[in-house]
Amino acid sequence: MILPKTVVRAVIAGQRKLSNDVYELVFAAPEIARQAVPGQFVHVRVSEPDSADPLLRRPLSIADVDRQHNTVSVIYRVVGRGTARLAKLQAQENIDCLGPLGRGFTLRGERPLLIGGGMGIAPLQYLAKKLCPRPVEILLGGRTREEMFWQDMFASICQDIHITTDDGSLGQRGVAPDVLPDLLEQKSFDMIYCCGPHPMLVSVAKIAQGINIPCQVSLEEYMACGIGACLSCTCAAKDGSRKKICTDGPVFWAGEVI
Ligand code: FES
């Protein structure tokens with residue numbers, strides 16, 4: 001379901017560094033907090049208030065929502081000038097934010113498995129919370145132990161946490177799809193929610209399709225407008241149509257796009 005979107009001038013409640021180049025920004029945005037569902041994103045203006053440079057907003061997944069305090073959290077990696085400026089913002093400063101945008105996850109099934117890779121893990125925190133009290137398990141994939149700060153976030157939400165790292169410094173060496181077949185054989189999940197790099201989404205979707213477990217994937221794409229107007233984010237769907245990831249997604253049933 002696509003809900004109305006709002007542009008807000010949000011007041012920053014706080015910002016913290018989670019790792020070398022990853023930050024969590026929390027801002028007060030009652031209109032967005034009230035409407036947001038897991039898997040949706042916000043489009044954040046990153047230029048100085050009196051400047052249009054950088055021109056384009058940045059799409060950031062909603063990582064968490066606190067309805068009691070009307071705050072929204074986003075987790076992002078500093079990758080350029082825009083996100084570098086975001087990282088300098090401090091409590092009580094303002095950000096211009098459009099959202100919530102896009103189609104989020106459909107909460108279905110009683111035994112969910114969440115799978116996240118890299119920064120694709122960010123939206124799974126809010127999803128895991130909304131899935132409770134179902135017994136949620138999560139499979140996290142990252143490059144190194146240092147990237148696995150996510151583990152603490154999910155410790156109090158998930159019944160079990162499975163980890164892979166590329167270098168084997170934490171959990172099993174390899175990538176998340178490597179351990180997935182065994183995990184699915186050991187436990188009886190009835191829904192997979194997946195977000196991360198495209199090759200991981202493809203591998204997970206194929207494994208899930210092979211044993212008939214419904215799977216939802218969240219696609220990551222460059223998004224110029226975020227509202228379906230510019231066509232910068234389209235992808236090919238299995239039915240031959242083209243989907244706009246910003247409005248038809250970012251969450252799709254795997255069979256729609258993979
Ligand atoms: Fe413009 Fe999707 S970002 S149409």
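Note that ligands are numbered from 1 as they come in the structure, with each ligand's atoms numbered from 1 the same way.
Nearest protein heavy-atom neighbour of atom 3 (S) of ligand 1: Gly226 N, 3.2 Å. Of the protein's non-hydrogen atoms, Leu231 N, 3.1 Å is the one closest to atom 4 (S) of ligand 1.
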Residue pair Thr234, Lys244: steps toward the side-chain contact (heavy atoms from CB on, under 4.5 Å) verdict: CA-CA 4 Å; Thr234 61; Lys244 294 175 191 170; 4.2 Å; yes
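With contacts defined as side-chain heavy-atom distances shorter than 4.5 Å, the pair Tyr76/Leu86 qualifies.
A salt bridge links Asp21 with Arg77: at least one charged nitrogen is closer than 4.0 Å to a carboxylate oxygen.
Every atom of ligand 1 is numbered from 1 in the order shown, and the set under 4.0 Å from a heavy atom of Ala224 is 3 (S). Close approach of ligand 1 to Met223 (heavy-atom distance below 4.0 Å) involves ligand atoms 3 (S).
With Cys194 as the partner, the side-chain contact (heavy atoms from CB on, under 4.5 Å) test is satisfied by one option alone out of Ile258, Ile115, Leu139, Val251: Ile115.
Of the angles at atom 1 (Fe) of ligand 1, the one spanning SG of Cys230 and SG of Cys225 is 100° when given to 10°. When SG of Cys246 and SG of Cys233 are joined through atom 2 (Fe) of ligand 1, the resulting angle is 100° to the nearest 10°.
For Ser232 (side chain) and Ala224 (main-chain N/O), a donor-acceptor pair under 3.5 Å exists by modelled atom type.
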